[in-house]
There are 2 protein chains.
Amino acid sequence: MTQPKRRPGPKRALSEGGVLDAALTLMDADGPDAASIRRIAAALGVSPNAVYTYFPDKSAIEQALVERLLGELNRAAYNGGEWRTDVEALALDLRSRLTAHPGAVPLLLGGAMNGPEALLLGERLLEVLARAGLPAEAAARAAYLVMVYVLGAIALEVADVPQAGALAPEPDRIAARRAAMAHVPAETFPRTAAAVDVMSGWIGTEQFLWGLRRVLDGLTRGPV
Amino acid sequence: MTQPKRRPGPKRALSEGGVLDAALTLMDADGPDAASIRRIAAALGVSPNAVYTYFPDKSAIEQALVERLLGELNRAAYNGGEWRTDVEALALDLRSRLTAHPGAVPLLLGGAMNGPEALLLGERLLEVLARAGLPAEAAARAAYLVMVYVLGAIALEVADVPQAGALAPEPDRIAARRAAMAHVPAETFPRTAAAVDVMSGWIGTEQFLWGLRRVLDGLTRGPV
DNA sequence: CCCCATTTCTGTACGCCGTGCAGAGTTATC
DNA sequence: GATAACTCTGCACGGCGTACAGAAATGGGG
């Protein structure tokens with residue numbers, strides 16, 4: 001029950017968590033670039049440099065933000081049943097948390113996957129995959145592969161959000177995608193044009209799960 | 001043999017391609033942020049706004065840069081043999097071109113995958129996968145899946161380059177990764193710590209290919 | 001109880017960034 | 001040769017991250 005270890009100086013007007021809250025809110029509302037230090041400070045009613053009391057620089061804010069999102073994911077329960085359904089649940093959970101905050105995705109892929117929560121996520125994934133009966137080396141490689149797929153799918157899914165914060169509802173996004181693809185010239189891209197109808201499921205939960213299941217199939221049914 | 005259609009006005013001191021060359025050079029030397037309009041102009045010996053004669057804004061430069069890289073990939077020959085080796089060759093080619101210019105990877109994932117060269121790449125991938133004997137719908141989904149894997153793997157691989165331009169040689173990167181992972185506490189992350197040795201192959205060509213083959217296995221050997 | 005070291009926040013300033021705008025110089029066409 | 005089109009320059013604006021110096025607030029040691 002250690003006290004917060006008060007040291008001299010005036011009471012803090014902000015908190016690390018409050019800064020992250022403000023950053024996330026701004027990002028969700030006006031895109032990733034809206035989470036600037038100056039705007040965060042303005043939203044909190046302090047001068048820009050007050051933020052530097054809580055984080056040494058902007059990259060520390062980004063790192064902490066990613067860690068918070070991954071931490072929430074890691075704290076969420078997963079049932080511990082069949083390993084495939086556990087992997088799917090974990091992947092779907094990560095996906096829904098990241099698509100809820102599209103601005104955070106570039107941070108994840110930009111190298112912020114090194115904190116303790118990222119390690120813990122990998123550990124959890126390893127635990128689940130261990131139950132698939134894979135040899136140790138294959139399990140480690142498999143965890144990385146699953147991570148690559150999940151993050152790649154989310155990144156591509158989030159990539160073509162105009163620049164606003166939150167993603168549109170899934171049916172709207174599918175319709176927009178289909179409309180965008182409707183104009184591909186069939187003479188130069190015959191196969192792509194022919195696939196437009198099929199692609200209605202792209203960038204949707206269904207395609208995400210389909211791909212994940214193919215990956216898991218490849219892990220268990222492939223040679224060696 | 002249509003002339004370049006000279007219109008009134010002084011001779012152009014630059015060219016679109018020259019701007020892209022300068023941007024790529026700067027990016028490779030000093031990281032993605034070095035490719036600023038002002039620095040590009042300085043490298044070319046013109047005033048910053050001269051660049052706006054050739055591209056309407058910075059995002060157009062980024063888009064054109066991605067299109068150039070994908071165009072070179074699309075112009076490269078692939079043998080047209082067994083479909084698996086063709087997919088692998090295409091993936092390895094894309095990977096080597098992107099790791100040669102790590103700064104371009106965030107642009108790709110940031111939504112610049114909509115140009116004609118990106119479409120053509122998808123078309124080529126569809127053509128190769130058609131030879132795998134997949135039904136049309138599965139082939140379309142599979143092309144997207146392969147793209148997700150390849151881009152995700154490259155993104156994660158490039159993510160932890162400090163911030164310099166070019167990637168270090170592969171053995172150095174593997175050693176650095178291993179050194180970084182050597183300090184994970186075994187009591188909190190037992191499986192991760194135990195996997196450190198195995199992970200020497202991560203972020204390497206071998207792991208990239210291993211993952212790709214598992215994906216291809218999942219496409220052909222999975223149920224339905 | 002009071003001083004002082006410590007911490008928090010403010011204000012100013014610097015060097016970047018992308019880019020809008022006005023203008024000067026160059027060139028092909030009539 | 002006049003004119004219209006085009007290229008490039010210079011200046012300016014607002015925004016960014018953040019270094020630096022200083023004022024106000026606070027708790028602990030004498």
Side-chain angles (χ1 to χ4, degrees), chain A residues 2-20 22-23 25-27 29-65 103 106-107 110-112 162-163 165, chain B residues 2-20 22-23 25-27 29-65 103 106-107 110-112 162-163 165:
Chain A
T2 59
Q3 291 264 57
K5 186 61 186 313
R6 281 287 282 132
R7 318 248 272 127
K11 283 190 281 192
R12 320 186 101 194
L14 278 43
S15 70
E16 282 82 356
V19 172
L20 295 184
T25 303
L26 283 169
M27 221 177 56
D30 294 326
D33 293 349
S36 70
I37 289 196
R38 296 174 115 101
R39 278 204 260 239
I40 293 171
L44 295 171
V46 296
S47 107
N49 282 9
V51 176
Y52 287 91
T53 306
Y54 303 88
F55 295 95
D57 54 23
K58 189 187 164 97
S59 77
I61 300 180
E62 298 171 343
Q63 176 94 23
L65 213 145
L107 307 181
Q163 94 273 25
Chain B
T2 58
Q3 293 265 52
K5 183 64 186 306
R6 284 285 283 128
R7 318 250 271 125
K11 283 189 282 192
R12 319 186 104 195
L14 278 44
S15 70
E16 283 82 355
V19 172
L20 296 184
T25 303
L26 283 169
M27 221 177 54
D30 294 324
D33 293 349
S36 70
I37 289 195
R38 295 174 114 101
R39 278 205 259 240
I40 292 171
L44 295 171
V46 296
S47 107
N49 282 10
V51 176
Y52 286 91
T53 305
Y54 302 89
F55 296 95
D57 55 23
K58 190 185 165 95
S59 76
I61 300 181
E62 298 172 343
Q63 176 94 22
L65 213 146
L107 307 183
Q163 93 273 23

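Bear in mind that the values here come from a model prediction, so they are computed numbers and not experimental data. Residue numbers begin at 1 in each chain, while the letters A, B, ... track the order of the sequences.
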Quiz item: Tell me, which of residues 39-46 of chain A have any heavy atom that sits under 4.0 Å from an atom in DNA chain D?
Solution: A:Arg39
Self-check item: Over all atoms of both residues, closest heavy-atom pair of B:Ala35 and B:Ile40
Solution: O-CD1, 3.9 Å
Self-check item: Heavy-atom check, side chain of A:Tyr54 versus side chain of A:Ile61, under 4.5 Å
Solution: no
Practice problem: Would you indicate whether the side-chain heavy atoms of A:Leu65 and A:Phe55 approach each other to under 4.5 Å? | Solution: no
Quiz prompt | Closest nucleotide among D:dT7, D:dC16, D:dT26 to the A:Pro10 side chain | solution = D:dT26
Exercise. Test for a donor-acceptor pair under 3.5 Å between the base of D:dT18 and the side chain of A:Arg38, counting only N and O atoms.
Key: yes
Quiz item: Which of residues 47-61 of chain A have a heavy atom under 4.0 Å from DNA chain C?
Solution: A:Ser47, A:Asn49, A:Ala50, A:Thr53, A:Tyr54
Exercise. Can you sort out the partners of B:Ala43 under side chain to side chain contact (heavy atoms under 4.5 Å, CB included), two or more places apart, ordered by chain and number?
Key: B:Leu26
Quiz item: D:dC16 P sits how many Å from A:Asp30 CG, rounded?
Solution: 11 Å
Practice problem: Please list, chain by chain and in numerical order, all residues satisfying side chain to side chain contact (heavy atoms under 4.5 Å, CB included) with B:Ala50, sequence neighbours excluded. | Solution: B:Val46
Practice problem: Taking side chain to side chain contact (heavy atoms under 4.5 Å, CB included) as the test, write out the residues that go with B:Asp57, two or more places apart. | Solution: B:Ser59, B:Ala60
Practice problem: Give the rounded distance in Å between these two atoms: CG of B:Asp33 and P of D:dT18. | Solution: 12 Å
Exercise. Write down the distance between CE (B:Met27) and C1' (C:dC17), rounded to a whole number of angstrom.
Key: 18 Å
Exercise. Considering non-hydrogen atoms only, spot the tightest contact between A:Gly103 and A:Met27 and give its length.
Key: C-CE, 3.7 Å
Exercise. Name the closest nucleotide to the B:Pro8 side chain, picking from C:dT19, D:dA4, C:dC9.
Key: D:dA4
Self-check item: Partner set under side chain to side chain contact (heavy atoms under 4.5 Å, CB included) for A:Ala13, not counting sequence neighbours
Solution: none
